[in-house]
Amino acid sequence: MYSPAKAGLFRSPGNLSFPSDFMDYWVAGFLFLTAGILLRPWLWFRQDQDQEEEEKEKKKRMIPKGSLGWPVIGETLAFIACGYSSRPVTFMDKRKSLYGKVFKTNIIGTPIIISTDAEVNKVVLQNHGNTFVPAYPKSITELLGENSILSINGPHQKRLHTIIGAFLRSPHLKERITRDIEASVGLTLSSWSQLPLVHVQDETKKMTFEILVKVLMSISPGEDLDILKLEFEEFIKGLICIPIKFPGTRLYKSLKAKERLIKIVKKVVEERQVATAERSKLPANDAVDVLLRDVNDGGGSDKQSQPLDFVSGKIVEMMIPGEETMPTAMTLAVKFLNDSPVALAKLVEENMEMKRRKLESGEQFNWSDYMSLSFTQNVINETLRMANIINGVWRKTLKDVEIKGYLIPKGWCVLASFISVHMDEDIYENPYQFDPWRWDRINGSSNSNVCFTPFGGGQRLCPGLELSKLEISIFLHQLVTRYSWTAEEDEIVSFPTVKMKRRLPIRVTPVDRASPI
Ligand code: HEM
């Protein structure tokens, strides 16, 4: 039988001869020990590497599934094609059924994770730890500038958001602005009734801009407002364009318009600053007052070195979120009501009832009267659920984030898609049906805040939420209690933004609704 000892490979201690045999063992032991010492870190390193690999694999598996499509264009064409159709969520629905509620794709050369999951969207919106920063196309970032309220993150954003939100919700503003909105809406609708045809989308835009500028800087209709509107329109044309900046390009023209716009606003701010000291005891009348007082009180930190530029810039930025959203919501409400005579009849009934009560008591309407029109609020909610111009928000992650078992890797873009949740048939029964009554069933249910987010949520929840609802309520109230209309055939398109293909042409007629309908 083979024995290593016999073969002389190992020797038993009995055969040892000192010193050479002993040295052999000593050397062998030394080598063994050294190898062990040297190997151990390597083994540890290997073990770490294996663990790292395993971790990487695990993380890779947690990245939402999906397809990045073709090189460079990714899945952009499919995304745009669905946007042009009557069902823009088809793009999401198709991928949702293949990969789950959170999936990855590539749009315009950007790898992006799209969430159609209400709970994931909530975490993105809440943004604990400031992990998600707003991500806009390059043209928007160029036009807004890096310190815009819409793109900054952290304490400055929180401060601005708080002071602007507090002002827009203040009883003083609500009282003053209710009268201003009533007057603007009254004049606008009366002018509509004298025209053979009105394009609701264009006309509501004029009216809502007028109101917005009143809220922001107290400018009344007139030459200044007209110039401001022209420059603003030129400015926002560049928000979605090819981001090339030299004379003649769209972006260049828009940046120039922004300079002129800031100059006009700065004049108003300058005049106001002179009067600020004597007005400091009075409640703020508009956003210029709010921002000037904050700057004078030491808020706004580094931006105080140029207070006039800072305040003027913020006023211009605040024109953006309210400008398209409001007229779109009003136009779509008219469209949905036009297509749903039963809902329209109920709306007329509720508003006439309130009007009669107010006429009898001789009181004016106040903000809470409009808010108490529950069916009217249902109509507004249902309109915003079905077709909101802000159909989701875009963010970028500053570090790896894990939500509900999904990993969103650092640096990736995330689209928290509101419209996918709003049109999810597991959440809303018959989601494509305009059904304002559903809100009587939904309101108060535990997840209604999570599943309905037309105004966003968390740190960036729209500060204009209450003002928007007031404005739309007043518009609907006056429209349905004083006029009737017939609409021409039109349809909603969703790309690049939600709007009516033919700008919703209608004919408006005054009606006497003195007698109950
Ligand atoms: C129907 C009308 C409106 C809708 C649907 C709407 C929706 C939204 C949404 C979804 C956001 C969040 C954006 C994000 O998270 O990135 C937002 C932000 C904002 N909205 Fe509105 N909005 C409306 C009207 C208005 C109006 C009338 C104003 C101004 C008076 C306004 C001022 C703002 C501002 C300043 C922000 C930025 C807040 C921040 O980032 O801190 N919005 N809006």
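Both ligands and their constituent atoms are indexed starting at 1 by order of listing. Hydrogens, waters and symmetry mates play no part in the numbers below; they use all other heavy atoms, side chains included.
For the atom pair Leu144 CG and Glu317 CD, the distance stands at 6.5 Å (nearest 0.5 Å). Note that CD1 of Ile114 and NZ of Lys104 are 13.0 Å apart. Values are rounded to the nearest 0.5 Å. Annotation: the span from Thr497 atom OG1 to Asn388 atom CG amounts to 11.5 Å, rounded to 0.5 Å.
Side-chain atoms of Glu182 and Tyr370, non-hydrogen and from C-beta on, do get closer than 4.5 Å to each other. Between Glu323 and Met319 the shortest side-chain heavy-atom distance does not fall below 4.5 Å. Side chains of Ser473 and Met371 form a contact here, defined as non-hydrogen atoms less than 4.5 Å apart. Residues Met423 and Arg87 fail the side-chain proximity criterion, which asks for heavy atoms closer than 4.5 Å. With contacts defined as side-chain heavy-atom distances shorter than 4.5 Å, the pair Met207/Met330 qualifies. With a 4.5 Å cut-off on side-chain heavy atoms, Ile403 and Val102 do not count as touching.
Contacts with ligand 1 closer than 4.0 Å are made by side-chain heavy atoms of Arg395 only, the backbone lying farther away.
Checking Thr131, Val123, Ile113, Asp400 one by one against Ile408, the side-chain contact (heavy atoms from CB on, under 4.5 Å) holds for a single residue, Ile113.
Atom 24 (C) of ligand 1 has Ser468 OG, 3.2 Å as its closest protein atom, hydrogens excluded (heavy atom only). From the protein, the heavy atom lying nearest to atom 6 (C) of ligand 1 is Phe455 CD2, 3.7 Å. Protein heavy atom closest to atom 32 (C) of ligand 1, with residue, atom name and distance, is Pro321 CG, 3.7 Å. Here the protein heavy atom with the shortest distance to atom 23 (C) of ligand 1 is Thr325 OG1, 3.5 Å. Looking at atom 26 (C) of ligand 1, its nearest protein heavy atom turns out to be Gly322 CA, 3.6 Å.
Contact atoms of ligand 1 toward Pro454: 5 (C), 7 (C), 10 (C) (distance under 4.0 Å to a heavy atom of the residue). Listed by atom number, the atoms of ligand 1 under 4.0 Å from Leu212 heavy atoms are 29 (C), 30 (C). Near His161, the atoms of ligand 1 lying under 4.0 angstrom from a non-hydrogen atom of the residue are 38 (C), 39 (C), 41 (O). Residue-ligand proximity, Gly456 to ligand 1, at heavy-atom distances under 4.0 Å covers atoms 10 (C). Within ligand 1, counting atoms from 1 as listed, the ones closer than 4.0 Å to a heavy atom of Leu150 are 37 (C). Heavy-atom proximity to Ile149, at under 4.0 Å, picks out these atoms of ligand 1: 40 (O).
Both tests pass for Arg385 against the ring of Tyr428: distance under 6.0 Å to the centre and angle within 45° of the axis.
When only interatomic distances are considered, the shortest N/O to N/O separation between Gln157 and ligand 1 falls below 3.5 Å.
Look at Pro463 and you'll find a heavy atom under 4.0 Å from some atom of ligand 1. At least one heavy atom of Val393 sits closer than 4.0 Å to an atom of ligand 1.
Of the candidates Asn388, Ile389, Leu465, Ile390, the one placing a heavy atom closest to atom 5 (C) of ligand 1 is Asn388. Ranked by closest heavy atom to atom 12 (C) of ligand 1, the top entry among Lys469, Met319, Met318, Arg460 is Arg460. Heavy-atom proximity to atom 21 (Fe) of ligand 1, evaluated over Cys462, Ala135, Gly457, Ala416, is greatest for Cys462.
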